[in-house]
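For reference, the structure is listed below as structure tokens.
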Amino acid sequence: MKRRSKFILIFLVLILAGGFIYFKSLKTRHQELIKSKVYYTLGIVDSEWKTDLTDNSVTFTTPTFVISNIYKSMEGPKSDQFVVIDSDQEELLWLTSFKTNAVSSNEQRKMSNDFVCHTNFEYRDAEHYNRWNMTERINSQYPRITSISNGVEEFELPNGFGFPVFSNERLFINAQALNHNITDSTFNIKHKIKIGFTKNSDKTLIPLQPKTVFMMFPYDPQNPFQGPTEQLPNACIPVETKNHSYLDNDGNALSGHWIIKPGKHSYTYDASQQLQIKDSIRLHQITSHLHPFADRFKLKDKTTGEVIYDCNSENFTDKIGLKNTPSFSSQKGIWMYNDHIYEMLLEVDNITDNDQEMMASMAIFYYDAEMDTKIKELKL
């Protein structure tokens, strides 16, 4: 009996040791997925999303995120959730503003937005466009409304404009924590995510259509972490090859999440294909998603030389993080054309001695003439 018990004990120790070795071999983001699953399953921390609805806004509060490590972009604890603004009725609403704050786990104290990696707001394109009988738009682009990220705590669409959704329509929110600086403590936070809206019964706004355009650069899928070569002089070093990895029309591998070495670097990217301008569009809003050490981010009409958006980011000087990333907003709008070439330009300054990670995207909103016609025909 003693011999059997000893065998079982050794077996359990080996399993635990093997599990620990496997866990430590995982990337930080995968470790956090496992840790969060354990916390939520055992009821160690709050695992539920909460909704608070008012006449002109809805606030979604995330489950608790346990901060116990340094988390760069997309490494921290996260939670995804399908949400509706008001499931009890079907009413046309106009989304007009987006805001995310980090708060204490008891929700009583606002905390630094250094702990906000991103909040992604998405619509379900099949559900959304079927309601409007605009099925040709389904799967035509990634259905993201916009993002809030480090350096962008909140923004509003231009006065009189909005993104139309129904109150009982499903939306999708992805929230993830960030921590670039604190290494000496473990603590809990939540994210409060507020969406402002106008009821169509109070005022009909002008519809905007969202789109996200982002920088990406080639890499060698056979030797992804080798960097530039004679064959690929413009190659980047991807952070990893599973996430934010794409293929261009010729089947070449591209990464939208890449490594920047210490020092100053400049990048350019032709965004014309992503924009997919069929004739012309009237641009009204741009909000950037950048990582720390990004200094300047531009959208330029290369055909005319006009700089449409010039984002001078402000980095903290006493810690890692973006202090402010200005948005572009215009009621009048700026016209963009299908026969012009549009370029994104990024300047970064990695003042540390270590490699850092970079992403650069723009969430844009432009006038949606087809939706405007649909709404005018709608009998409410």
Side-chain angles (χ1 to χ4, degrees), residues 19-37 65-80 115-120 122 142 144 147 149-151 172 174-181 183 212-229 231-263 265 267 269 274 288-294 297 320-322 344 346 348 350 352-363:
F20 179 77
I21 292 170
Y22 171 73
F23 177 80
K24 296 300 288 185
S25 71
L26 297 174
K27 291 182 177 293
T28 301
R29 69 197 66 189
H30 299 129
Q31 290 183 5
E32 290 305 315
L33 288 173
I34 295 173
K35 288 161 64 175
S36 293
K37 183 70 172 177
F65 297 140
V66 180
I67 308 300
S68 60
N69 204 342
I70 290 293
Y71 306 122
K72 295 184 180 181
S73 176
M74 297 182 295
E75 289 186 342
K78 66 178 182 177
S79 185
D80 306 325
F115 305 123
V116 176
C117 177
H118 64 252
T119 308
N120 294 330
E122 298 174 8
Y142 193 81
R144 178 160 295 168
S147 292
S149 58
N150 183 231
F172 184 73
N174 168 260
Q176 189 159 26
L178 185 75
N179 178 32
H180 279 297
N181 300 288
T183 60
T212 299
V213 293
F214 55 95
M215 286 186 143
M216 51 184 175
F217 300 100
Y219 68 91
D220 182 354
Q222 303 303 317
N223 297 287
F225 306 114
Q226 183 176 346
T229 62
Q231 292 74 26
L232 282 174
N234 195 36
C236 72
I237 299 177
V239 175
E240 61 173 288
T241 57
K242 293 182 179 180
N243 294 312
H244 298 282
S245 188
Y246 312 91
L247 296 176
D248 65 14
N249 292 335
D250 298 321
N252 300 310
L254 304 169
S255 178
H257 190 193
W258 70 97
I259 297 294
I260 58 170
K261 297 289 184 181
H265 308 276
Y267 303 90
Y269 179 78
Q274 285 188 26
S288 290
H289 171 90
L290 295 167
H291 286 189
F293 309 108
F297 194 27
I320 295 176
L322 285 166
M344 290 191 287
L346 175 68
V348 304
N350 178 4
T352 73
D353 296 327
N354 303 313
D355 292 350
Q356 302 291 344
E357 301 176 7
M358 184 55 60
M359 294 181 74
S361 67
M362 297 181 183

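Because only heavy atoms are used, hydrogens play no part in the values below, and waters and symmetry mates are left out as well, while side chains stay in.
Leu290 has its side chain within reach of Leu346: a pair of non-hydrogen atoms, C-beta onward, lies under 4.5 Å apart. Between Ser68 and Lys35, some side-chain heavy-atom pair lies under the 4.5 Å cut-off. A heavy-atom distance below 4.5 Å is found between the side chains of Tyr267 and Trp258.
Residue pairs meeting the salt bridge (Lys or Arg N to Asp or Glu O under 4.0 Å) criterion with at least one member in residues 237-246, sequence neighbours excluded: Arg29-Glu240.
Under the rule for a side-chain contact (heavy atoms from CB on, under 4.5 Å), the partners of Gln226 that lie at least two apart in sequence or sit in another chain are Asn223, Thr229. By the ring pair (Phe, Tyr, Trp, His ring centres under 6.0 Å) test, Phe225 is found to be paired with no residue, residues two or more places apart in sequence or in another chain being considered. Residues that satisfy the side-chain contact (heavy atoms from CB on, under 4.5 Å) test with Ser245, not counting sequence neighbours, are Tyr219. Here Phe214 pairs with Tyr246 under the ring pair (Phe, Tyr, Trp, His ring centres under 6.0 Å) rule; sequence neighbours left out. Remark: Ser361 pairs with no residue by the side-chain hydrogen bond (donor to acceptor under 3.5 Å, both in side chains) rule, at least two apart or across chains. Legend: residues meeting ring pair (Phe, Tyr, Trp, His ring centres under 6.0 Å) with Phe297, ordered by chain and number and at least two apart, are absent. Applying the side-chain hydrogen bond (donor to acceptor under 3.5 Å, both in side chains) criterion to Ser36, with sequence neighbours excluded, gives no partner residue. Scanning for salt bridge (Lys or Arg N to Asp or Glu O under 4.0 Å) contacts around Asp355 gives Lys261, with sequence neighbours left out. Scored by the side-chain hydrogen bond (donor to acceptor under 3.5 Å, both in side chains) test, Asp220 finds no partners at all (sequence neighbours excluded). For Tyr269, the side-chain hydrogen bond (donor to acceptor under 3.5 Å, both in side chains) partners at least two apart in sequence or on another chain are Gln274.
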Review item, side-chain donor-acceptor pairs of residues 250-257, under 3.5 Å, at least two apart:
{"from": "Asn252", "atom 1": "ND2", "to": "Asp248", "atom 2": "OD2", "distance (Å)": "3.1"}
{"from": "Ser255", "atom 1": "OG", "to": "His257", "atom 2": "N", "distance (Å)": "3.3"}
{"from": "Ser255", "atom 1": "OG", "to": "His257", "atom 2": "O", "distance (Å)": "2.9"}
{"from": "His257", "atom 1": "NE2", "to": "Glu357", "atom 2": "OE1", "distance (Å)": "3.0"}

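Checking side-chain atoms of Asp80 against main-chain N and O of Phe172 turns up no donor-acceptor pair under 3.5 Å.
The closest side-chain donor-acceptor pair between Ser147 and His118, if any, does not fall under 3.5 angstrom.
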